[in-house]
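Shown next, in structure tokens, is the structure this report addresses.
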Amino acid sequence: MNAMSDIEIARKNEQQAIKPITEIAQQIGLQPDDIEQYGSYKAKVKLATLAQQCVSNAHRLILVTSINPTPAGEGKSTVTIGLGDALKRLNKRAVIALREPSLGPVMGIKGGATGGGYAQVVPMADINLHFTGDMHALTSANNTLAALIDNHIQHGNQLQIDQRRITWKRVLDINDRALRQVVIGLGGPTQGVPRQDGFNITVASELMAVLCLATSLSDLKQRISKIVIGYNINQQPVTVADLKVAGAITLLLKDALKPNLVQTLEHTPTFVHGGPFANIAHGCNSVLATQAALKLGDYAITEAGFGADLGAEKFLDIKVPQLGKHPDAIVLVATVRALKYNGGVALADLKQENIAALKAGFANLKRHIQNMQQYGVPVTVAINHFTADTAAEITTLQQLCQALGVQAVDTNVWAKGGAGGIDLAKAVITSLAEQHTYQPLYEPQASIPEKINAIVQKIYGGKKVEYTAKAKRQMADFAANGWDKLPICMAKTQYSFTDDPKQLGAPEDFTIHVREFVPDLGAGFLVALTGHVLTMPGLPKHPAALDMDIDADGNITGLF
Ligand SMILES: Nc1ncnc2c1ncn2[C@@H]1O[C@H](COP(=O)(O)OP(=O)(O)O)[C@@H](O)[C@H]1O
Ligand SMILES: O=COP(=O)(O)O
């Protein structure tokens with residue numbers, strides 16, 4: 001009999017075992033008045049409730065990251081959920097914090113963001129589709145700002161905005177390459193002012209990053225005020241505050257700011273909030289959700305997108321200063337399949353045993369281990385077990401990690417849920433007892449090139465950085481504006497330490513090419529666009545949408 005799909009497992013659980021969200025909230029001390037229900041199984045937590053709680057030093061933060069992934073992903077969300085369930089089985093007060101899905105990957109190639117197998121959060125279809133409306137609120141807020149910019153130009157352009165230098169893009173939460181470059185305002189004087197524009201995917205919007213880093217409604221509005229939407233005819237920055245619309249944009253996000261509460265298949269409380277990708281944005285769920293997990297549980301388990309060179313680096317160097325707490329342990333998810341892929345095996349051949357390729361691809365995991373150890377945080381490797389993995393491959397991988405002094409735990413949460421993560425949970429608990437001194441990668445007052453060099457040389461393993469003439473001009477302008485003390489958010493391919501998605505494994509002595517910067521002053525970081533990374537992905541030849549369906553009774557297939 002074929003294994004049940006993610007959606008089938010979730011549907012069976014939702015019919016038989018899912019608990020009312022009020023019971024899940026009560027598990028972590030939240031009363032009905034502390035939450036706003038969205039149906040029986042989803043809720044938002046009131047900001048006033050969260051503001052009344054405090055983070056105890058006894059509470060532990062566990063960050064889950066991974067090696068460079070195959071296109072399908074290597075199981076960070078799955079392992080994060082399974083680890084939370086395993087800690088709960090060990091009678092620990094575990095609370096999970098995840099990012100929320102974008103419809104782009106859901107309809108595209110990656111699928112949802114609710115874990116998989118028996119390590120999932122539910123209600124799975126609700127969360128992966130429209131959830132509590134946060135993505136739609138962000139899309140509306142972003143595009144309302146875009147409309148207000150063009151309206152300002154239409155009605156006299158008092159701020160003398162240079163329509164050739166508007167950096168604020170429209171967004172949609174869809175992978176749609178046809179919208180990357182568009183012309184708007186056609187049709188004559190009453191239809192707007194013609195100009196070139198384009199769409200990003202909603203999760204790449206600076207408003208997503210602002211929502212994920214804001215710690216209150218007033219902080220949200222202050223951050224929104226600082227957003228640079230473009231430049232005037234004297235090439236001076238124009239902000240949302242200049243347009244006097246920060247209040248309106250904040251108003252549109254008043255509910256989206258509240259963290260969403262759901263549960264795992266094993267009823268572990270889980271906050272799912274904010275969903276920036278880690279290749280084109282900072283890749284971390286919200287500060288508010290992570291703080292909620294820390295305040296309401298003894299063990300907060302959270303994840304950051306793609307490999308540790310992206311999501312974890314951005315968690316540690318961008319989110320931690322806002323969160324006010326660094327991870328007490330890091331779990332690095334590795335899969336035999338992705339290591340063989342990094343060792344040169346084609347996607348179609350990853351199910352065949354190949355010890356030599358595993359050993360070759362191990363260089364990728366080794367670099368990620370050493371990178372995370374640079375921050376002074378104990379690292380445990382979670383081997384996310386796939387059915388095709390052989391005993392020889394698992395043993396080889398464990399021996400290679402042991403030679404580095406790092407424990408690699410065979411983790412089977414996809415197939416067994418929390419029961420498959422007990423060994424990992426015990427290893428993490430042991431690592432939490434290790435004394436350590438946290439060491440950020442760079443100091444905030446370092447220059448932009450110094451910060452980027454630190455990331456490229458200490459994390460990516462590269463040798464140098466080349467900047468286009470435009471990027472060099474921007475760095476000079478940023479220094480003149482006093483923006484150069486902000487952290488850097490590297491926009492780079494998720495498949496490689498380099499900015500070439502085909503360079504797998506652990507390349508050395510390579511150059512990173514920065515083509516331009518985007519100053520996200522609201523979020524409080526500078527985005528460095530490298531290589532050909534896209535902020536509006538396209539759909540693949542066979543998008544997941546082709547395999548989706550819903551029957552007359554509402555039963556969904558093809559969602560994963
Ligand atoms: N051990 C496993 N065996 C089989 N499929 C898995 C396993 N772990 C994860 N998956 C599947 O792989 C996909 C990616 O998992 P996910 O946890 O979303 O990865 P990430 O968060 O790293 O992107 C999901 O469809 C999930 O069901
Ligand atoms: O930003 C990407 O996140 P995943 O690694 O969860 O796909």
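Both counts, for ligands and for their atoms, begin at 1 and track the order of listing. All figures in this text were calculated on a predicted structure; none of them were measured in a lab. Both backbone and side-chain heavy atoms feed into the values below; hydrogens, waters and symmetry mates do not.
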Full working for ring-ring contact (aromatic ring centres under 6.0 Å, His included) between His282 and Phe525: CA-CA 9 Å; His282 76 290; Phe525 54 64; 5.8 Å; yes
Going by the order shown, which atoms of ligand 1 are within less than 4.0 Å of some heavy atom of Lys110? 20 (P), 23 (O)
Do ligand 2 and Phe306 have nitrogen or oxygen atoms that lie under 3.5 Å from each other? yes
Ligand-residue contact atoms, ligand 1 with Ala72, heavy atoms, under 4.0 Å: 13 (C), 14 (C)
Is there a side-chain contact between Asn260 and Phe271 in this structure, where contact means two heavy atoms from C-beta onward sitting under 4.5 Å apart? no
Among all protein non-hydrogen atoms, which one is nearest to atom 10 (N) of ligand 1, and what is the separation to 0.1 Å? Trp414 CD1, 3.8 Å
Nearest to atom 8 (N) of ligand 1, what protein heavy atom do you find, and at what distance? Asn384 ND2, 3.0 Å
What atoms in ligand 2 come closer than 4.0 Å to a heavy atom of Lys76? 4 (P), 5 (O)
Establish, for the pair Lys492 and Tyr460, whether the NZ or CZ atom is under 6.0 angstrom from the six-membered ring centre and no further than 45 degrees off its axis. yes
What is the closest protein heavy atom to atom 1 (N) of ligand 1, and at what distance does it sit? His385 O, 2.7 Å
Considering non-hydrogen atoms only, spot the tightest contact between Asp328 and Val377 and give its length. C-CG1, 3.8 Å
So is Arg99 in contact with ligand 2, going by heavy-atom distances below 4.0 Å? yes
So for Asp6 against ligand 1, with non-hydrogen atoms under 4.0 Å, the contacting part is side chain
Per the salt bridge (Lys or Arg N to Asp or Glu O under 4.0 Å) rule, which among Lys44, Lys42, Lys258 passes with Asp134? Lys44
Please could you name the atoms of ligand 2 that Gly305 approaches to less than 4.0 Å, counting only its heavy atoms? 1 (O), 2 (C), 3 (O), 5 (O)
Per-atom filter on ligand 2: closer than 4.0 angstrom to a heavy atom of Phe277 are 1 (O)
Could you tell me the residue and atom name of the protein heavy atom closest to atom 17 (O) of ligand 1, and the distance to it rounded to 0.1 Å? Thr78 OG1, 2.7 Å
For Leu87 and Ala94, work out which heavy atoms get closest and say how close. CB-CB, 3.9 Å
When you measure from atom 26 (C) of ligand 1 to each heavy atom in Ser66, Ala113, Gly116, Pro69, which option holds the nearest one? Gly116
Any idea which of Gly75, Gly117, Gly73 brings a heavy atom closest to atom 16 (P) of ligand 1? Gly75
Considering all heavy atoms, the nearest Ala214-Leu257 contact: CB-CD1, 4.2 Å
Any side-chain heavy atom of Asp520 sitting closer than 4.5 Å to one from Val518? yes
Does Lys325 NZ have over 12 foreign heavy atoms under 6.0 Å away? yes
For Lys110, the ligand 2 atoms whose distance to one of its heavy atoms is below 4.0 Å: 7 (O)
Please check if the side chain of Glu206 supplies one atom and the backbone of Ala523 the other of a donor-acceptor pair under 3.5 Å. yes
If you scan protein heavy atoms around atom 1 (O) of ligand 2, the nearest is Ala278 N, 2.8 Å
Atoms in ligand 1 flagged as close to Lys76, the criterion being non-hydrogen separation under 4.0 Å: 17 (O), 19 (O), 20 (P), 21 (O), 22 (O)
Taking the six-membered ring of Phe497 (Phe, Tyr or Trp), confirm whether the NZ or CZ of Arg367 is under 6.0 Å from its centre and within 45° of its axis. yes
